[in-house]
Amino acid sequence: MSKQSFAMLIGWGLWLCGGAAAVLSQTPAEDARKAVQKRAIPASAERPVADFIGLRKCYLCHGSSTGRGELADCLVLRNEYIRWRDADRHTQAYAVLVADSDVKSEKLVNRMERILRISKNDPQWTAANAAECLSCHSTPQPPSGDGSENQFTQLQKNVTCEACHGPGKNWETAHSDPSWRVKPIADKTAAGMRNLRDPVVKTTVCLSCHLGNVSEGKVVTHDMYAAGHPPLTGFEVTAFARRMPWHWESLAEKSRVPGLAAAWPKFAEQYDLPRGPAEATREVLLGGLVELKEYLELLAEYAADAPATAWPELAMYDCFACHHDLQAAGGRQRRGYGGEVPGRPPLRYWPRVLAELAILQLSHPAGQETTAPNLTKLLETVSQTVNDRPFADQAKLKEAAALAAEKIDKLIVQLNRELSDKLNAPHEQAAEFVRKILGDMAKLAANNYHDYDSARQLAWAWFAVADDLRALQPNDAREREFAQRKSQLNALLQLSFQAEKGAAAAAPPDQSTAPQLSVPPPTNKTTVAAGLPLQLQVRNDYDAQHRYLEVKRLFVELGALLERKESR
Amino acid sequence: MTTKHRHLLVNIATFGFPLVSSALAVGWLLLRVAEGAPPRFAAVQLAQKAVASETPVANPKPEIAANFVGAGSCASNACHGGPPPQRADIAPTWRNAYTLWFAQKDPHRQAYTVLQTERSRQMLWLLDAALPANAAKLAEYQKLPADPERKRFLQQFEPQKDARCLVCHSSLPSVSAKLPQEILADGVSCEACHGPARGWLEQHTLESWANKKAARLQSFELECAAHPAGTTSGIGNELPAPQVEKTTNAAGAEQMGNTKDLVSRANLCVRCHVGGGDREVNHDLIAAGHPRLFFEYNAFMANLPRHWNDSLDRAALAADPRSMAPRPTDEGARLWVIGQAAAGQAAAAQLAQRVNRAAKPSAVSPGRLRPAWPEFSEYDCYACHHDLKSDSWRRAELYPDPHALAGGRKPGELPWGSWYFSAVQELPIVTGNKTQLTDARKTLAELLGNPWLPSDPVKVQQPAERLCAELAAIAAPANLSQPWSGKRIETLLAELSKLHAARPITGWDDAAQYYLAVLALTDARNACAARGESGLVKLDEAAFRAQLIAVRELLRFDDPAAPPDQRRLAQSPRHFQLGPTRTAFAKLVELLQPLTAAGSGAAP
C-alpha cells in the first residue's frame, strides 16, 4: 500500500474511533442519574424551614365552621381545616411518635423504642426526636415567634397543610388575592404552592411518605419494620384520598358554585382541568404510573446512596414474598413465579398492576402492537438484576431502575395528554372509554393470580372508576349486581371503607361552641396500630385460604357483567 | 453444457453420490458404536467373564457408572432377596436384607418414584421457568387459565430424567455420570450406600471375603476443600467439566462401602441429606417446592426401618464379619455426636463450595442461572417465613433482650447456620477442647458481615474449611471408638444443661436441636441403666418423659386442634412461642438437676 493511502487510512480510522468514543461516552447511566435528580418535589434541603408558616395562618381563612357562608363565589370550601382536624389521621402522625411515660407501656412506639434503642446502641433514643421518624411523621415547624403555646402548637407538629400543599411563606398573602386564580401554574409552583389538582403531583406528594423518598430522608428500613412499624404496602391515590377524607371539592362540584359557573369553562381550559365527571379515572391511571415510577426511583436512589454495608435494604423488596408461614401445596407454587427465579426476593408486585392498566390505555398506531409500550419489556432489565442475584447487584439495580423510571416518566406525559382528550369528550364517548378501562381491569385481574396487595390495588381502582362510569351513565340496570360483587370484594379484601367519596365530611360538626383543645378529639380516627391485627390477619388468610381464587372469580364475573348488554 | 461438464455430472451421479452417502452412513454407525452399546449389556458380559475367571476384573474404565450393577442383582432370591423372618423377634439376616428393605418401605425406596409425581414436575418447571431458553414456554404457561390445563402442561417435564434430581434421588454418583434408567428407577438402593458392586460382586460371595475383615471395607470421608469453581454444578448450573468422584469413596474399588462404622455411615448419609459437590438443595429449589433439609443422625436412624441385624455391634462386625458382639447401649449418644459433627462438616464444606462458586461468575454457562449468594437455605428458615403478626414473640421477647441477638445482629437480620450449628457449639464437651470450635465459628459469624452478606465472599471460604476440619477432628475414632458408659453420658447431659442455661433458645431451630440432643442422650443413658449399669443418678423418669413430650408438643408445626386435612399442610412452626418454650426447657433442665449436682467435678 502506498504511503499516502496508508496515511489516509490511519487518519480516517482515528476520526472514526474518536467519534465513536464521543458517542459512547454518553452513558445511559449518567442520563438516568440526571433524570432522577429532577423531581416533582424539591428535596428538603432546598426547602428551608423558615418558609413554613404554621397551622394558625391557614386556620384564619380555612377554619370557618360555616363554610363558604356569605362568600358564595369563594373558590374554596373555607372549612378545610375543620374537616381535616376532625377526621384526618394525619393529625395524629406526630402523636403516635410520643412514647408513654410508663416504660412498660404496650403502645406501639414504646415497643419500638425498647427494641431500637438496643440495635442503635443508644439508650436515650426516642422516636419523637429522631430525624428518620420525623421526616414522615411531622411537618417542619415555623420559626417559634414569641414561643407562646396555643391550640395549634401541638397540632402543627403532625402532618399539616404545608406538608402537602407546600411551605406557605411565599404565597400566603398572594393566594388570597383574586389575581391568584389566573396566575399560571408554573408561577404558583415556583412560589412554593404545589398543584395538587394534578394527579401526578398529588400522587408523588403522597408517595413521598407512603412509599418513601431517599432524598427527603423518608425511608423505613427493615429493622424499623422488625421493631414494629406497620407495613407500608399498597397505595392507591383515590382510595387513600377518600379515606382521609376529602377536605376539598371535586372539580365537578366546584364548577357548580354560584358565581363561578359562568367563568368555569375558561378557567378549566386554562388549567387543563377535567371537564367531565370522570376525574377519578384520570387519577387512577396517572397515579398508577406514578406509583411504579416512584418505586423505581426509590430503588435507584437507595442503590445510589447506600454504602455497601447497608446493602441490601430488605424493606425495598416485596414483604410478603418472604413473610408467610410455609404450607405444602401452597399458593405461591400454584401461582407460579412469572418470569422470576423462585426463592430470590422479588421487587414489589403492587406498583406494577395499575401501571400495567395505564399502559394498556396508551394509544399506539394500529398494527404496531408488538412495539407498543409493554410493562414486562420496560421492567425486563430491572427484573433481570433481581433474578441474577438475590437482592440484585447494587450498581446494576441503580442503573436499571433509573432507566426504567425515566421511561415511565415519558409515558406519564403521553398518557396525561391523551387522557385529557378522551375524558373531556362528550359523555357517550367518555363513558365508552371508561367502560373499556373497567374491562381491561377485569381482564388483568382474571389473567393471573394476584397477591393481596395487587388485588387490593385493583379493587380500589375498580371502585373509583366504576363510580365515574355511574356518574357518566346513571341508571344502569346492572347496578345492583355490580354493587353486590363490589361488596363481596370489599369483604374479601377488608378494604375497610366504602366507596362513597367524602361521605364522612358531608356535614362538618358545628364548631362554634367546641372547646379549644390542644389535641383534637378523634372521630373517624382509629390508629393504624389499632387496626393492624385485623389487617395482618386478612392478609395472612388470603394466601392460606387461597382467596386469590375468589378474587379472580369475582373479577371474571365483573368483566362478564360489563360485557352484558344492559337490559331494562 | 460441454462434454466435460456432462461427464462430470455423470460421474457424480454414478460414483459420487453413493460414495458420499455410504460414507455418511458408516460415519453414523461409528458414532452410535462410540456412544456405546447399552451399558447393562456390557456389564452383564463383564460379569460373566468375571465369574468364569475367578479373578477380579480390573477397574474397566475411569467412568464410574459402569461399575454399577443395579439392585436387581442383589435382589435375587438366592442372595439378598430371600424370605423375610417368620417371627417378629427373629433378627434380619443378610439373606433377607433386600426383601426387608423393600417390604418395610424404606423411604429410600420411594426416592425415585416421588420424582414422577406432579409436585416434582411442577418443581422442575418452576425452577427453570425463568431461564431465557424457556421464555416461550413461560408465555404459554401464563396464558393457561386454570388447573387442568396447567396439569397437562406439566406432563412434559421429567424430573426422573434430570441429573440434578437423580444425583440424590437415585444411585447416580455424579451429575455427569450416566446410568441406565432401570438402575436409577431402583431409587436410593443398595449401591448408593454400599458402593458400586462391580469390583466386589463376585468376591463377596466367597469364604475368602470374610477373612479380609476390615480391609474389605472402604470408609466414606467428607471433603472439606471446595472444588475449584467450574467442577461442580449445583442446582441451576450446568457442569462445564466432568466431575470425577474421589476414589476413596468406594468408586469402582474392590472394597465395599463401609456402612458399619458409625462415622462412615454418617458421612454417607450427609452426602445427600445435607449436600455437597453436585448434590445441592438450595433455596431456589426449596421455593420451587422441595421440602427443607434438616438432618439429625440419631433421629433419622431411629426412624429408619432396619434391613440388617440391629442387635449386633456394627463396628465390631466391620472388623470381624463373624463377630456376635451385641450392639452397645450407648450408641444413641455417640450417634448424636457423630451426626452433629458430620452434618456440620458437610454444611461447612457446602458453604465453602457455594462461596467459591458464587465468586466466579465466569463459571456460569450463558443462559443458566448464576448461583445465589447469599444462599438463604443456610439461614434460619422461619426467621423470614412467618406470618406477620402484631403480637409477635420476636418483638415481645427476642429483640428487646440485648443478649438474644448474638453477634450484633439487628432486629430483622437473619441468623446463619441455626440448624446445623446451634448444637455444634456444645460438641467440644466431648473432646474437652472448648476453644477449638468456638474460634472458628466466631470467625465465621463475624465474616458473614452484615452479618450475612460478606462484601467479599471468598473471605468466608477459609474459615468454612477450617470449621469443617475441626468438626472432623471431633468425630475422630479416638473419641468414639469405645462405648461410653452411662456415667459419661450423664456428664454430657449435665454439661449440656449448663450450657443451655447460659444460652437460652432463640428460635425453633435451636429449640428442636436441643430437644433432639436431650432425647438422644437420655435414651442412651436409659439403655445403659436397663442393661444394669450401676451408679447412675436417680431421676424422676415419669416426670421427665412427660416434660419431653410437652416440649415436643410445643415444637409442632401444626395446630393439633385444627381439622386433619389442614394439619398436615403446615410446614413452619406457626404456633411457636418463645416464652412458653423457654419455660418448658427450663423445667426440663430442672428435672436434670440431680445430674448436674452429682456430676460436678466428675471426669468423663
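In what follows, every chain begins at residue 1, and chains take the letters A, B, ... in the order their sequences are listed. Any value given below was found using the heavy atoms of this structure, including those in side chains, with hydrogens, waters and symmetry copies removed. For clarity, every value in this text was computed on a predicted model and none was experimentally measured.
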Heavy atoms only: give me the nearest [X]-[Y] pair and the separation to one decimal.
X: A:Pro345; Y: B:Phe376; answer: CD-CE1, 3.6 Å
X: A:Pro533; Y: B:Ser390; answer: CG-OG, 3.2 Å
X: B:Ser572; Y: A:Asp325; answer: OG-OD1, 2.8 Å
X: A:Asn387; Y: B:Ala130; answer: ND2-CB, 4.4 Å

I'd like to verify something: which residue of [options] has the highest number of heavy-atom pairs under 4.5 Å with chain B?
options: A:Asn540, A:Asp543, A:Asp223; result: A:Asn540
options: A:Asn448, A:Leu532, A:Val341; result: A:Val341
options: A:Glu340, A:Arg344, A:Arg111; result: A:Arg344
options: A:Arg114, A:Met112, A:His324; result: A:His324

Side-chain atoms of residues 312-322 of chain A: list all donor-acceptor pairs with protein atoms under 3.5 Å, sequence neighbours left out, distances to 0.1 Å.
unit_1: A:Glu313; atom_1: OE2; unit_2: A:His222; atom_2: N; d: 2.7
unit_1: A:Glu313; atom_1: OE2; unit_2: A:Ala315; atom_2: N; d: 3.1
unit_1: A:Tyr317; atom_1: OH; unit_2: A:Phe391; atom_2: O; d: 2.7
unit_1: A:Asp318; atom_1: OD2; unit_2: A:Phe320; atom_2: N; d: 3.4
unit_1: A:Asp318; atom_1: OD2; unit_2: A:Ala321; atom_2: N; d: 3.0

Judged by atom type as modelled, is there a donor-acceptor pair below 3.5 Å linking the side chain of [X] to the main-chain atoms of [Y]?
X: B:Arg574; Y: A:Leu326; value: yes
X: A:Gln333; Y: B:Ala287; value: yes
X: B:Arg395; Y: A:Ala226; value: yes

* Do A:His323 and B:His386 have their ring centres less than 6.0 Å from each other? ->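 Yes, the ring of A:His323 comes within the 6.0 Å limit of the ring of B:His386, centre to centre.
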* A:Asn447 portion near chain B, given a 4.5 angstrom heavy-atom threshold ->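 Just the backbone, heavy atoms under 4.5 Å.
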* Check the surroundings of atom NZ in A:Lys107: do more than 12 heavy atoms from other residues, nucleotides or ligands lie under 6.0 Å from it? =>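 Atom NZ in A:Lys107 is packed in, count exceeds 12.
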* Worked verdict on B:Tyr399 versus A:Ile118 for side chain to side chain contact (heavy atoms under 4.5 Å, CB included) -> CA-CA 8 Å; B:Tyr399 299 150; A:Ile118 296 173; over 6 Å; no
* Side chain, backbone, both or neither: which part of B:Leu388 has an atom under 4.5 Å from a heavy atom of chain A? ->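 For B:Leu388, the contact with chain A is made by backbone and side chain together.
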* Asked: Which residues pass the side-chain contact (heavy atoms from CB on, under 4.5 Å) test with A:Leu554, sequence neighbours left out?
  ->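 A:Leu554 satisfies side-chain contact (heavy atoms from CB on, under 4.5 Å) with A:Arg485, A:Gln488, A:Leu489, A:Leu492, A:Glu557 only.
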* To do: Hey, could you give me the CD/CG distance between A:Glu106 and B:Asp391, rounded to the nearest 0.5 Å?
  =>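 Nearest 0.5 Å value for the CD-CG distance: 10.0 Å.
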